[in-house]
Amino acid sequence: MTGVVEVENVWFVYDTNLALKDVSLNIEEGQYLGLIGPNGSGKTTLLRLMLGLLQPDRGSVRLFGKPSTDFRQRERIGYVSQRSTDRDTAMPMTVEEVVEMGRYAHRGRRRLQACDHRIIDEALERVGIADISEQRIDRLSGGQRQRAFIARALASEADLLVLDEPTVGVDASSRDNFYGLLSRLNKDGITILLVEHDIDVITTHVDTVACINRELYYHGDSVSFLESDALTDAYGTHHGILHHDHP
Amino acid sequence: MSKDDLIDADGGINATDNRVATLNRRRLSRRHRVGLEAVGIGLFGLLTIAMILFLLAEWLRGSVEPMSLLYDQYLIIGEWIDFALGTIVFEFGSTWRALAAGLLIGLVAPMLGTFLIHQQMALIGETLAHTAFAGVAAGVVVVAFTGWGGSLILVDLGSQGGLLFVALIVSALGALGLQWLSQHSNSYGDVPIAIVLAGSFAIGTLLISWSREFAPISVDIEGFLFGSLAIVTLQGARLIAVLSVLVVGIVVIHFKQFVFITFDEEAARVAGLPVTQYNTLLVVMTAVVVVGAMQILGVILVAAMLVVPAAAASQLAVSFRETVVLAVIFGQLSALAGLIFSMVASLPPGGSIVVVAIGIYLLAIFVSNRSVQSMSIH
């Protein structure tokens with residue numbers, strides 16, 4: 001398998017606070033990796049390093065084989081931020097306009113072509129929101145909004161889908177549907193990196209888990225994760241999770 | 001074939017039919033929307049082109065014969081309007097100049113304002129207007145010390161134009177300073193805005209008071225504070241025209257990028273857009289527009305033209321493209337109606353334009369609430 005993201009011995013310091021210490025992990029093509037850790041554990045910092053938004057103080061990060069900060073084929077990454085479920089914004093954008101953004105990296109300053117609109121239509125169909133594409137996104141439920149952001153990533157024909165705690169504020173049933181959609185996309189070949197604080201979600205849906213708290217405590221398959229001591233080591237003895245049976 | 005198989009097959013056909021129907025409905029709705037947008041843009045675009053042509057005719061009528069003829073046609077149309085309304089206003093070149101400046105401000109200010117309000121930077125216009133006021137004061141000092149009348153290599157800006165040119169530079173520098181403060185201070189986003197707003201006004205008042213002792217030109221400070229049709233000089237109107245064409249060109253070329261950054265800055269960074277550069281460009285363009293708008297609206301009311309039409313449009317529009325088109329239509333309507341009212345009633349133009357704009361905003365809230373209510377009833 002080809003390495004989509006390669007993190008090697010990365011250290012990162014904010015002012016004088018050590019955020020990440022000697023972290024190494026790889027994400028292979030077609031993998032569904034869940035990145036987990038307590039609040040302030042450096043998850044988002046690691047994510048920003050992987051996306052090339054930050055430069056490591058020591059070590060290296062490569063995206064599709066290139067240093068992440070020099071990586072230019074940005075349309076290969078689909079990104080869904082924490083803010084995407086934020087209902088404070090009242091910007092009048094239709095679902096379709098949001099999904100169109102996925103084509104911007106392809107077209108630059110040129111107008112969108114008929115083939116772009118066909119790809120947008122397909123993306124809307126694939127996540128099941130074609131019937132609400134003319135509606136304002138700020139008037140949709142959290143789950144529907146998330147689907148629109150996934151459609152945006154699909155419209156960009158991304159190989160890597162990166163999601164930073166995407167279901168904050170989304171109701172339980174929409175959350176299950178959303179993770180079902182992600183699993184289907186992963187089966188279709190899209191590599192997924194999911195940052196989550198919900199251990200239950202991570203161990204149910206992803207195939208590989210990386211657990212960090214400034215340093216990497218676990219990187220391996222999700223079934224073995226709960227049997228390891230990684231949770232106690234990373235979260236301390238009072239992490240208070242609910243264990244569940246795997247199918 | 002079993003009964004279940006038949007139901008599945010029918011269900012499949014129905015699902016495909018539904019998908020095709022949905023797609024067709026979406027395409028039709030998209031075509032209607034684009035058609036309506038085109039009508040709006042066409043109508044007010046023609047009006048804007050007519051106004052730019054007037055400014056061009058006024059500028060070149062001394063040197064180019066057809067321009068002189070064109071200029072006369074505008075005045076003849078003005079006489080007809082005066083005859084119809086029973087006024088003695090529209091047959092003068094200065095009235096057309098004020099209308100042209102107002103309509104151009106009504107175009108560019110709401111266009112930028114739509115991006116600003118959705119980046120939660122509504123107050124930035126007010127701040128940059130105060131910076132521009134400090135710029136006018138700095139212009140008084142520069143003209144006093146250097147004796148520079150405002151002549152550039154290609155364009156004679158005139159004495160008032162010299163002031164505006166210095167105000168333009170100071171305002172753009174103020175905008176860059178504001179960006180720098182926002183990025184490097186650890187306070188909430190609106191703290192640097194409040195500091196630059198107060199600081200600019202303080203520097204402006206100090207410079208004005210100091211320059212009174214030696215400045216050879218008298219400046220209509222009250223005009224810049226509250227707006228006046230009298231200070232829309234030939235040079236000021238030309239400056240607005242050039243800046244408007246420049247700003248509209250930049251926004252049209254980079255429209256997609258501005259929309260992406262305004263809606264989801266983090267995702268825009270991931271997509272490789274130079275977000276900081278685009279934000280700086282937006283703020284500098286705002287500073288430039290503010291200097292133009294300040295002449296008619298005045299420092300105190302200039303933010304209104306950036307914020308109010310865009311806020312009204314956001315109430316009614318379904319899409320962002322529609323919001324920009326509606327904001328421009330509301331902005332130009334406010335400028336046109338406000339200016340005509342102020343001329344006919346001999347009242348200040350700034351206040352008149354802003355009152356009309358707020359009227360449209362309140363109407364937009366009323367209409368959007370009614371449509372939401374009717375949606376929930378059905």
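Every value quoted in this text rests on a predicted model; they were computed, and no experiment measured them. Reminder, nothing fancy here: chain letters follow the sequence lines and each chain counts from 1.
- Looking at A/Val162, neither its backbone nor its side chain comes within 4.5 Å of chain B, counting heavy atoms on both sides.
- One side chain, B/Gln119 or B/Thr262, offers a donor N or O that lies under 3.5 Å from an acceptor on the other.
- Interface summary for chain A: among B/Glu266, B/Gln315, B/Gln257, the most heavy-atom pairs under 4.5 angstrom belong to B/Glu266.
- For A/Arg103, no part lies near chain B; criterion is any non-hydrogen pair under 4.5 Å.
- The aromatic rings of A/Phe149 and B/Phe263 sit parallel to each other, their planes meeting at less than 30°, with 60° as the upper class boundary.
- Within the 4.5 angstrom heavy-atom criterion, only side-chain atoms of A/Arg152, from C-beta onward, approach chain B.
- Shown are B/Leu243, B/Val247, B/Leu246; of these, the side-chain contact (heavy atoms from CB on, under 4.5 Å) with B/Met285 is made only by B/Val247.
- Applying the salt bridge (charged side-chain N to carboxylate O under 4.0 Å, His left out) criterion to A/Arg126, with sequence neighbours excluded, gives A/Asp188.
- Donor-acceptor pairing under 3.5 Å is recorded for the side chains of B/His118 and B/Ser314.
- For a residue to count as touching a neighbouring chain, one of its non-hydrogen atoms must lie under 4.5 Å from one of that chain's; by this rule A/Arg48 touches chain B with the side chain only.
- Heavy-atom pairs under 4.5 Å with chain B were tallied for A/Val95, A/Leu53, A/Val98, A/Leu112; the largest tally goes to A/Leu53.
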